[in-house]
Number of protein chains: 2
Amino acid sequence: MKCTGSIEARDVEEMYINIDPIQAGGRLTPEAHKAVIAYADGYSVCDNCLKPFRLDYIKKPPLAEFHEDCAKWLNMDQLRVVPGARRGFQAVASSMVSKGDPVVLTSLSHYTEFVSVEQSGGIPVEIPLSDDKHITADAAAQKIEEVISKFGRPPALMFVEHVDYQYGHIHDIKGITKAAHQYDVPVLVNGAYTVGIMPVDGKDLGADFLVGSGHKSMAAPAPSGVLAANEEYAEKIFRTTQAKGDVTGRTFGIKEVELMGCTLMGVTVMGLIASFPAVQKRVENWNEEVKHSRIVTDALLSIEGTVCLSKCPREHTLTRINTIDSFDKVAQTHKKRGFFLSGDLKKKGITGMIAGSTRVWKYNTFGLTDNQIEYLAKAFQDVAEENGLVVNRE
Amino acid sequence: MKCTGSIEARDVEEMYINIDPIQAGGRLTPEAHKAVIAYADGYSVCDNCLKPFRLDYIKKPPLAEFHEDCAKWLNMDQLRVVPGARRGFQAVASSMVSKGDPVVLTSLSHYTEFVSVEQSGGIPVEIPLSDDKHITADAAAQKIEEVISKFGRPPALMFVEHVDYQYGHIHDIKGITKAAHQYDVPVLVNGAYTVGIMPVDGKDLGADFLVGSGHKSMAAPAPSGVLAANEEYAEKIFRTTQAKGDVTGRTFGIKEVELMGCTLMGVTVMGLIASFPAVQKRVENWNEEVKHSRIVTDALLSIEGTVCLSKCPREHTLTRINTIDSFDKVAQTHKKRGFFLSGDLKKKGITGMIAGSTRVWKYNTFGLTDNQIEYLAKAFQDVAEENGLVVNRE
């Protein structure tokens with residue numbers, strides 16, 4: 001069905017159980033859908049923009065309130081909305097990193113963190129993984145030592161994943177920030193898979209900067225996200241413009257340089273705000289989400305030859321699985337080759353796998369109901385059995 | 001009426017004739033509204049993202065096609081979507097300007113252009129206005145000469161407004177780019193008030209970079225926009241990441257540094273695409289829009305004491321008006337002071353003026369129907385007469 005012109009209406013969330021690893025937390029709430037319809041127009045939140053003419057001061061709709069409430073909720077001093085987590089990384093890197101500065105990332109850092117370092121002229125270096133694919137405080141400290149010995153100064157900034165996009169592992173952020181702070185290295189905590197998904201306390205984590213993704217984990221439209229900072233660095237990354245016209249003498253008030261002034265003027269920020277009460281509530285349900293994740297992982301592990309590459313029992317809903325010795329064996333002789341798996345799942349109403357994947361792949365069970373989880377777990381086992389694999393059902 | 005939680009449903013476009021100077025071109029088309037509903041979820045356009053995993057390569061929905069078609073339509077070589085025109089300025093400044101480089105702007109440049117220069121470490125200098133508030137080729141050339149004499153080198157970049165946000169004047173871009181190119185200075189043409197509003201031909205204008213605003217003038221949700229470039233500089237501003245993990249050896253493929261990889265993943269880009277056929281069509285109706293603008297301006301000028309600060313007869317729908325000797329005189333003794341004007345207009349179903357303004361203000365008639373234009377023109381005259389001002393009706 002076309003929704004307009006040559007554009008097919010998207011019905012994924014209505015018609016399927018979607019286990020796409022990056023889409024689970026970005027599904028809109030009904031409240032966000034309503035706000036999206038009301039505030040779809042470009043500058044729709046700007047009707048009541050009064051002096052000093054900045055997005056986060058708008059009271060109606062309650063943008064100012066959201067900025068304050070969301071900062072409090074994350075236990076951070078200040079917060080701004082941004083067009084995606086990556087634009088939060090960019091703002092911090094751009095203001096904290098000078099050309100030639102070493103910047104510590106991790107072996108599990110997202111490409112957008114690398115890009116933000118590259119753009120600022122910094123030199124990225126990675127913290128290695130432990131044998132069980134975690135970033136540890138010791139490894140972080142050791143990398144800082146290496147940087148100091150090589151560059152003669154500590155790194156300008158460290159990026160760490162609260163939960164990484166590869167394994168869905170929860171890393172020892174408290175230990176890592178403690179280690180970094182011993183060298184006075186500020187730490188940006190990438191909460192793209194945590195803020196809006198599970199409880200996050202910025203101060204408890206020791207985060208100097210905390211970034212969340214609206215469209216990844218806060219049930220908001222894209223591009224959206226939040227960038228929070230503690231007082232120590234807030235003034236620097238939220239600095240206001242000092243530019244002055246040499247002919248006109250114009251100055252530009254309190255517009256913030258790294259945020260390019262205002263950021264999310266309508267549908268994106270209103271979706272974020274409308275979902276916020278539900279998002280605050282849903283993170284309290286995290287134990288249930290973890291339980292769901294374990295049920296599905298266990299079902300996959302009951303298929304002989306399957307190996308879970310993420311730490312078990314699972315502590316997050318994003319999981320990396322290796323089916324080289326199970327589903328990929330089927331793919332070797334199946335007439336549809338690797339496409340049989342995503343195809344068979346789709347027939348059962350399940351989508352979100354990269355079509356053709358049967359070797360190493362990821363899934364995310366976030367936000368599914370008890371019934372959907374039970375159905376999904378059984379569906380994996382059924383597809384396996386239907387294709388001649390041995391399943392050790394309980 | 002609440003649309004959800006504490007958020008009032010926005011009904012401005014349904015209930016009023018909206019003459020807000022920045023909102024007129026960002027009102028969504030019915031097609032965009034449909035696409036917004038279908039693609040509101042975060043990563044909704046990414047269902048069919050295949051290798052090489054970049055937004056502008058996605059074929060379904062037709063993102064790749066839009067990138068190509070929109071570039072052609074603007075007669076530019078390459079185009080990318082961006083989260084707002086300002087992020088287009090940022091991408092160009094960040095890649096073209098080094099610390100200490102002089103950058104030419106104009107006395108009518110938008111603050112976001114200044115901010116992008118400040119962020120890149122450049123030094124902004126302004127082209128002065130002519131007596132009739134235009135940027136001329138001669139003034140541009142003279143400013144370049146001044147820069148060369150002061151800095152010992154030509155500016156790294158020049159920003160010019162195709163149509164400025166202050167007066168709605170159409171500037172001699174062809175002449176200005178010709179002058180700049182004689183000094184090998186690349187020119188970014190800010191089409192925030194032209195692309196999507198009136199016909200724009202990038203090559204004819206001599207633009208090296210052309211930026212359009214989705215939420216200002218392309219009937220798209222915010223934040224959205226387009227950044228187009230010609231071949232000479234496209235490789236530089238759309239350069240792909242060269243970053244490499246020192247531990248993992250990871251590289252990050254064809255992700256573009258200045259765009260932070262992918263940009264608009266759902267509702268924003270789909271609104272932009274869905275409106276595109278209507279936008280292409282509406283720019284052909286520009287003469288009608290100009291006629292409408294003149295009708296309203298003439299009505300305002302029929303109110304004794306009113307002065308149009310924009311050049312008349314109007315050539316654009318954005319107009320700057322001085323009512324110090326008309327409406328502001330009323331405000332001196334009116335019990336509602338300056339608020340009487342926006343209040344009286346609102347009673348007549350007209351909104352979009354800054355509440356309390358009676359001195360120098362702006363309005364935009366873009367997109368109104370014949371009947372709305374007639375009604376609006378008469379409403380201004382009626383409010384004037386009802387408040388004792390003399391109106392010279394034809």
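Here is the naming used below: chain letters follow the sequence lines, and residue numbers restart at 1 for every chain. Side chains included, hydrogens not; waters and symmetry mates left out as well; all remaining heavy atoms used.
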Q. Can a donor-acceptor pair be found between the side chains of A:Glu258 and B:Gln119 at a distance below 3.5 Å?
A. yes
Comparing B:Gly352, B:Cys262, B:Gly121 against chain A, the one with the most heavy-atom pairs below 4.5 Å turns out to be B:Cys262
Of A:Lys60, A:Arg87, A:Lys216, the largest count of non-hydrogen pairs under 4.5 angstrom with chain B goes to A:Arg87
If one checks every heavy atom of A:Val257 against chain B at 4.5 Å, the contacting part turns out to be both
query: Are there more than 12 heavy atoms of other residues, nucleotides or ligands under 6.0 Å from atom CD1 of B:Ile254?
result: yes
Ranked by heavy-atom pairs below 4.5 Å to chain A, first place among B:Gly5, B:Gly245, B:Pro61 goes to B:Gly245
Whatever's closer than 4.5 Å to a heavy atom in chain B on A:Leu63 counts as neither
For A:Ala9 and B:Ala38, the nearest pair of non-hydrogen atoms, with its separation, is CA-CB, 4.3 Å
query: Is a side-chain N or O of A:Glu31 found less than 3.5 angstrom from the main chain of B:Thr4, in a donor-acceptor match?
result: no
Q) Between B:Asp246 (side chain) and A:Glu126 (backbone), is there a donor-acceptor pair under 3.5 Å? A) yes
Chain A shares the most heavy-atom pairs under 4.5 Å, among B:Ile22, B:Asn48, B:Thr351, B:Leu129, with B:Ile22
So, the part of A:Asp47 with a heavy atom under 4.5 Å from chain B: the answer is both
From the list A:Met270, A:Gln242, A:Glu14, the residue making the most non-hydrogen contacts under 4.5 Å with chain B is A:Gln242
Assert top hit (heavy-atom pairs under 4.5 Å, partner chain B, pool A:Gly261, A:Pro30, A:Gly266) equals A:Gly261
Scanning both residues in full, the closest heavy-atom pair of B:Ala35 with A:Cys3 reads CA-SG, 4.0 Å
**Message:** I'd like to know if the side chain of B:Arg27 reaches the main chain of A:Asp41, judged simply by a donor and an acceptor atom lying under 3.5 Å from each other, with no hydrogens or angles considered.
**Reply:** no
Note: B:Pro221 and A:Val267 closest approach over all heavy atoms is CB-CG1, 3.4 Å
Counting heavy-atom pairs under 4.5 angstrom with chain A, the leader among B:Thr112, B:Ile273, B:Val36, B:Thr268 is B:Thr268
Counting heavy-atom pairs under 4.5 Å with chain B, the top scorer among A:Met260, A:His215, A:Lys34 is A:Met260
When rounded to the nearest 0.5 Å, the distance separating OG1 of A:Thr248 from CG of B:Leu105 is 10.0 Å
Bottom line for A:Ala243: the part with an atom under 4.5 Å from chain B's heavy atoms is both
Interface check, chain B: of A:Gly26, A:Ser107, A:Gly214, most non-hydrogen pairs under 4.5 Å belong to A:Ser107
Honestly, the part of A:Ser217 sitting under 4.5 Å from a heavy atom of chain B is neither
Bottom line for A:Cys46: the part with an atom under 4.5 Å from chain B's heavy atoms is both
With chain A, the option among B:Thr241, B:Ile37, B:Asp11, B:Asp20 that has the most non-hydrogen atom pairs under 4.5 Å is B:Thr241
Of the listed B:Gly253, B:Ser116, B:Ser109, the one with the largest count of heavy-atom pairs under 4.5 Å with chain A is B:Ser109
Applying a strict 4.5 Å limit to non-hydrogen atoms, the region of B:Ala220 in contact with chain A is backbone
Honestly, the part of A:Ser94 sitting under 4.5 Å from a heavy atom of chain B is side chain
Honestly, the part of A:Phe252 sitting under 4.5 Å from a heavy atom of chain B is side chain
When every non-hydrogen atom of B:Ala222 is compared with those of A:Gly42, the smallest separation belongs to CB-O, 3.3 Å
In this structure, CZ of B:Phe276 is separated from CD1 of A:Ile7 (nearest 0.5 Å) by 11.5 Å
Hey, does the side chain of A:Arg10 reach the backbone of B:Val45 with a donor-acceptor pair shorter than 3.5 angstrom?
no
Quiz item: So does B:Lys2 have more than 12 non-hydrogen atoms from other groups sitting under 6.0 Å from NZ?
Solution: yes
The reported gap from OH in A:Tyr111 to OG1 in B:Thr251 (rounded to nearest 0.5 angstrom) is 13.5 Å
If one checks every heavy atom of B:Val125 against chain A at 4.5 Å, the contacting part turns out to be both
Cut-off 4.5 Å, heavy atoms of chain B, and the answer for A:Leu272 is neither
With chain B, the option among A:Gln23, A:Lys255, A:Met265, A:Arg250 that has the most non-hydrogen atom pairs under 4.5 Å is A:Arg250
Handout entry: Check: B:Arg86 side chain, A:Leu259 main-chain N or O, donor-acceptor pair, under 3.5 Å
Key = no
The interface call for A:Ser95 against chain B, heavy-atom contacts under 4.5 Å, is neither
Cut-off 4.5 Å, heavy atoms of chain B, and the answer for A:Pro277 is neither
If one checks every heavy atom of A:Lys143 against chain B at 4.5 Å, the contacting part turns out to be side chain
